[in-house]
Amino acid sequence: MKRILTGIQPSGNLTLGNYVGAIKQMLKLQEEANKESFVFIADLHAITVYQNPQELKKNIRDLLLIYLACGLDPKKNVIYLQSDIEFIPAVSWILECNTGYGELQRMTQFKDKSKKAEAVTSGLLTYPVLMAADILAVDSDFVPVGADQKQHVELARNIAQNFNKKYGEIFKIPQPQITDTGTKIKDLQDASKKMSKSSKETKGVIYLLEEENSVRKKIMSAKTDSGSEIIFDEKNKPEISNLLNIYSSLTNLSVKDLETKYKGSTYAQFKKDLCEVVVSALNVIKIMYEEFSKSDDILKILEENKAKVNAIVKAKYDKMRQFVGLK
Ligand code: ATP
Ligand code: MG
């Protein structure tokens, strides 16, 4: 049995990037035999950047609803809230004491987010270690993430390898699992940026629960490269390539299929079709979201899994204490 672990931060409304990079992979994995999927709501990660407490509470519930609305089955996945797992911060602390400061400063996300954040917290710097704790404490074999998080999973591997060498075999070495195409969905107004739920500029971000007309407007006004050919070329035509990635990831057409389909067509026609593809994918999610919203005991799911995950993490923490000499 292989264990899979993945999480999303309740740091705002989920985007198409989160769907393509993370949720779609989870949907596929839940159908595979001999896999046990742990899916969590990364609330401790979210507070590395200030979150309004009321909004955070709402976002946590919303993220659970979105997981369910997208089709994650609570019977096939262990869905839990990160901050319910009491020993995760303790595991993280021991790992932090075994991780180089310089290594954390070099993380791309730290550099990006600290440039944008009004206040750069120490948590923003140590966040990848907390992520390593999430991964290593439950003996994850695979970590499905978007391409933007690959570096952090690699760091978790390094931390595990070094720890094992220093103190003895305790951690499994996890592997990042990126979508087949390694897709990173970019902002529709600026292909040099990834689409992010915490972006202040929202014109280039498509949210999963966004109103239909607004989605259409954003796609039709998406920036496109000069020229008129619809071909995939991330280096020279990053904007149209991004739209091709979005289209392909929501249909069973490959990027190659799409290039053939739109040979000789115009950007406008391509965008119009893309609107239909995106709108219909989002409609399904919206309908299910409304359905699940009616239930008032939805948070019970998190309660039910709390004990199971706590027991696993506590056992790992105890073992770490022994190995390190704390116990
Ligand atoms: P934030 O801006 O708060 O960091 P985010 O949109 O980056 O939010 P996360 O909660 O950090 O979302 O990441 C959740 C998952 O979604 C991760 O697996 C991440 O790799 C994936 N992901 C996020 N953005 C994208 C994107 N633009 N393309 C593909 N995958 C993405
Ligand atoms: Mg992120």
Side-chain angles (χ1 to χ4, degrees), residues 4-29 37-52 55-56 59-60 62-64 66-67 70 72 81-82 107-117 121 123-124 127-128 130-131 134-135 140 142-156 174-202 204-210 222 234 238-239 241-246 248-250:
I4 322 283
L5 174 94
T6 191
I8 297 184
Q9 304 180 58
S11 49
N13 297 322
L14 263 68
T15 72
L16 213 50
N18 301 133
Y19 184 77
V20 172
I23 297 181
K24 256 194 70 185
Q25 295 205 73
M26 299 180 204
L27 293 174
K28 200 167 138 218
L29 286 164
S37 274
F38 277 26
V39 176
F40 68 101
I41 296 174
D43 57 346
L44 293 176
H45 286 286
I47 60 168
T48 50
V49 177
Y50 174 76
Q51 306 288 328
N52 172 293
E55 271 173 39
L56 179 57
N59 285 339
I60 289 173
D62 253 9
L63 180 49
L64 177 61
I66 293 221
Y67 279 153
C70 289
L72 280 184
L81 182 64
Q82 186 186 28
M107 293 289 118
T108 312
Q109 181 182 279
F110 173 68
K111 288 192 217 153
D112 282 356
K113 285 202 172 175
S114 54
K115 252 186 256 151
K116 279 183 259 162
T121 65
L124 202 55
Y127 160 114
L130 180 61
M131 181 164 157
D134 296 319
I135 297 170
S140 314
F142 296 105
V143 187
V145 281
D148 63 305
Q149 288 289 344
K150 190 163 174 245
Q151 195 182 33
H152 291 164
V153 183
E154 272 155 10
L155 179 75
Q175 269 179 42
Q177 192 165 318
I178 315 291
T179 38
D180 307 340
T181 49
T183 308
K184 186 177 346 175
I185 303 298
K186 312 284 171 36
D187 188 288
L188 300 188
Q189 289 299 324
D190 179 358
S192 69
K193 273 197 334 206
K194 82 170 190 74
M195 191 181 278
S196 282
K197 66 173 119 65
S198 63
S199 276
K200 301 248 166 6
E201 285 293 329
T202 59
V205 182
I206 297 193
Y207 301 99
L208 296 182
L209 298 177
E210 188 161 349
E234 274 193 312
E239 288 154 356
S241 300
N242 186 38
L243 298 182
L244 280 164
N245 268 334
I246 295 176
S248 166
S249 62
L250 297 178

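Model, not experiment: these values are computed from the prediction. Order of listing sets the numbers, starting from 1, for every ligand and every atom in it.
Within the set Gly146, Pro10, Gly21, the minimum heavy-atom distance to atom 18 (O) of ligand 1 is found for Gly146.
At under 3.5 Å, a nitrogen or oxygen of Asp148, whether backbone or side chain, sits near a nitrogen or oxygen of ligand 1. Any N or O atom pair closer than 3.5 Å counts here, and Lys184 shares no such pair with ligand 1. Among the atoms of Val20, none of the N or O lies under 3.5 angstrom from an N or O of ligand 1. Between Gly17 and ligand 1, a contact under 3.5 Å exists for at least one N or O pair. For ligand 1, the polar-atom distance check against Lys186 finds no nitrogen or oxygen pair separated by under 3.5 Å. For ligand 1, the polar-atom distance check finds an N/O of Lys197 within less than 3.5 Å of one of the ligand's N/O atoms. Looking at Val145 next to ligand 1, no N or O pair under 3.5 Å apart turns up.
Close approach to Lys194 involves these atoms of ligand 1, each under 4.0 Å from a residue heavy atom: 5 (P), 6 (O), 7 (O), 23 (C), 24 (N), 25 (C), 27 (N). Those atoms of ligand 1 with a heavy atom of Ala22 less than 4.0 angstrom away are 15 (C), 16 (O), 18 (O). When each atom of ligand 1 is checked for a heavy atom of Lys113 under 4.0 Å away, the hits are 1 (P), 3 (O), 4 (O). Heavy-atom contacts of Ser196 reach the following atoms of ligand 1: 2 (O), 6 (O) (cutoff under 4.0 Å).
Using a 4.5 Å heavy-atom threshold, the side chains of Asn13 and Val205 count as separate. Leu208 places a side-chain heavy atom less than 4.5 Å from the side chain of Leu16.
The closest approach between a heavy atom of Ile8 and any atom of ligand 1 is below 4.0 Å. Contact between Lys150 and ligand 1 is absent, with no heavy atom of the residue lying under 4.0 Å from the ligand. The shell of residues lying under 4.0 angstrom from ligand 1, judged by heavy atoms, includes Asn18.
Under 4.0 angstrom from ligand 1, the non-hydrogen atoms of Ser11 all belong to its side chain.
Annotation: the span from Asn59 atom CG to Leu14 atom CG amounts to 9.0 Å, rounded to 0.5 Å.
Side chains of Gln82 and His45: a donor-acceptor N/O pair is present below 3.5 angstrom, by distance only.
Annotation: salt bridge (Lys or Arg N to Asp or Glu O under 4.0 Å) contacts of Asp43 (sequence neighbours excluded): none. Residues satisfying the salt bridge (Lys or Arg N to Asp or Glu O under 4.0 Å) test with Lys197, not counting sequence neighbours, are none.
The minimum heavy-atom distance linking Leu29 with Pro144 is given by the pair CD1-CG, 3.5 Å.
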Report the C-alpha separation of Met26 and Tyr67 in whole Å, then their side-chain angles, then the decisive distance to 0.1 Å, and conclude whether the side-chain contact (heavy atoms from CB on, under 4.5 Å) test is met.
CA-CA 10 Å; Met26 299 180 204; Tyr67 279 153; 4.1 Å; yes
